[in-house]
Amino acid sequence: MRNIVLTRIDERLIHGQVMTSWLKVSSANVVLIIDDASASNTFLKRVLLAAAPKELKVYVMTHTDAAVYLKEVSEPGEKIFIITKVPKPLLQIIKEGVILHEIILGNMGGAEGRKMFSRNISASPEEIQDMREIINCGVSIYCQMIPADSKENIKGLL
């Protein structure tokens, strides 16, 4: 299994907060974006790759490809930061045998079909069910916008 140092749900994917805060605290040198739509869209993929510093490896994969990649043996010194827009891809890779211990839930904004359940976090009934299933698989999910914030376990919020 590859060396996963941080897993985060944040619909903004690569943005300033990820680049300045989360990469620093995790010491990650690889960012794995798991998003089926972005992985199959050449333009979106290029935009995501361009948003990261040159010294950082960035991969944009479907959940199926990500599961295969993450189950491989880690390269020496590799530290992977996984990021997705929504919980579904993480549930899918867990069901495919990828071991995750903790997920940090960041920004999921309001949209049609979503209800706010915590500061800066809204979710649809399907997304809430996905998070419940992830928790039932033994993975902790915490709300935490920036590393300086305290972790809030979402189990009670669901």
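All of these numbers come straight from a predicted model, not from anything done at the bench. Quick note: numbers below take in every heavy atom, side chains included, and nothing from hydrogens, waters or symmetry partners.
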Inset, instruction - Answer yes or no: is there a donor N or O on one side and an acceptor on the other, between the side chain of Asn3 and the main chain of Lys79, under 3.5 Å? - result: no
Members sharing Val47's hydrophobic cluster, built from side-chain contacts under 4.5 Å between Ile, Leu, Val, Met, Phe, Trp and Tyr, are Phe43
>> Could you tell me if the side chain of Met131 sits less than 4.5 Å from the side chain of Pro87, heavy atoms only?
In response: yes
Checklist entry - Should Met61 and Met1 be regarded as members of a common hydrophobic cluster, given that ILVMFWY residues are connected when their side-chain heavy atoms come within less than 4.5 Å of each other, either directly or indirectly? => result yes
CE (Met108) and CE (Met116) are apart, to the nearest 0.5 Å, by 11.5 Å
Q.
Are Leu70 and Ile82 packed together at the side-chain level, in the sense that at least one heavy-atom pair is separated by less than 4.5 angstrom?
A. yes
Correct closest heavy-atom pair for Trp22 and Ile146 would be CZ2-C, 3.5 Å
Between Val5 and Ser26 the two heavy atoms that sit nearest each other are CG2-O, 3.7 Å
Can a donor-acceptor pair be found, under 3.5 Å and without considering hydrogens, that links the side chain of Asp10 to the backbone of Gly106?
no
When rounded to the nearest 0.5 Å, the distance separating CG of Leu105 from SG of Cys143 is 4.5 Å
Rounding to 0.5 Å, atoms CG (Leu100) and OG1 (Thr7) come to a distance of 4.5 Å
CD1 of Ile104 to OG of Ser140, rounded to nearest 0.5 Å, is 11.0 Å
Q: For residues Val31 and Lys57, determine if any side-chain heavy atom of one lies less than 4.5 Å from a side-chain heavy atom of the other.
A: no
Indicate yes or no: at least one non-hydrogen side-chain atom of Leu23 is less than 4.5 angstrom from one of Leu56. yes
- Message: Would you say that Asp130 contacts Val86 through its side chain, given a criterion of any heavy-atom pair below 4.5 Å between the two side chains?
- Response: no
For Lys85 and Leu13 the tightest heavy-atom approach is CE-CD1, 3.6 Å
Quick note, salt bridge (Lys or Arg N to Asp or Glu O under 4.0 Å) partners involving residues 59-72, not counting sequence neighbours, are Arg2-Glu72
Ala28 and Phe81 have their tightest heavy-atom pair at CB-CB, 3.6 Å
Contacts satisfying ring pair (Phe, Tyr, Trp, His ring centres under 6.0 Å) that involve residues 59-79 (not counting sequence neighbours) are Tyr59-Tyr69
Rounded to the nearest 0.5 angstrom, the CD-CD1 distance for Glu127 and Ile121 is 11.5 Å
When rounded to the nearest 0.5 Å, the distance separating CD1 of Ile134 from NZ of Lys95 is 9.5 Å
(message) Applying salt bridge (Lys or Arg N to Asp or Glu O under 4.0 Å) to Glu11 and Arg114, what does each step give before you reach the verdict?
(response) CA-CA 13 Å; Glu11 69 183 6; Arg114 280 185 173 174; 3.1 Å; yes
| said: Let's go through Thr62 and Ile34 carefully: what are the C-alpha distance in whole Å and the side-chain angles of both, what is the deciding distance for side-chain contact (heavy atoms from CB on, under 4.5 Å) to 0.1 Å, and is it a yes or a no? | reply: CA-CA 6 Å; Thr62 64; Ile34 306 174; over 6 Å; no
Which of Ile4, Val58, Thr84, Ile80 passes side-chain contact (heavy atoms from CB on, under 4.5 Å) with Leu32? It is Ile80
| said: If you define the side chain from C-beta out and look only at heavy atoms, does anything of Gln144 sit under 4.5 Å from Glu152? | reply: no
Point to revise | Expected output: side-chain Asn107 to main-chain Met145 donor-acceptor under 3.5 Å | key: no
message = Between Leu91 and Ile99, is there shared hydrophobic-cluster membership here, with clusters defined by ILVMFWY side-chain heavy atoms closer than 4.5 Å?
response = yes
Any Arg8 side-chain heavy atom under 4.5 Å of Glu102 side chain: no
Scanning both residues in full, the closest heavy-atom pair of Ser38 with Asp35 reads OG-OD2, 2.5 Å
Side-chain contact, heavy-atom cut-off 4.5 Å: Ile103 with Ile9?
yes
Steps toward side-chain contact (heavy atoms from CB on, under 4.5 Å) verdict (Ile154, Ile135): CA-CA 9 Å; Ile154 68 158; Ile135 291 167; 4.2 Å; yes
message: For Lys45 and Ile33: C-alpha separation, side-chain torsions, deciding distance, then whether side-chain contact (heavy atoms from CB on, under 4.5 Å) applies.
response: CA-CA 10 Å; Lys45 208 173 190 179; Ile33 297 168; over 6 Å; no
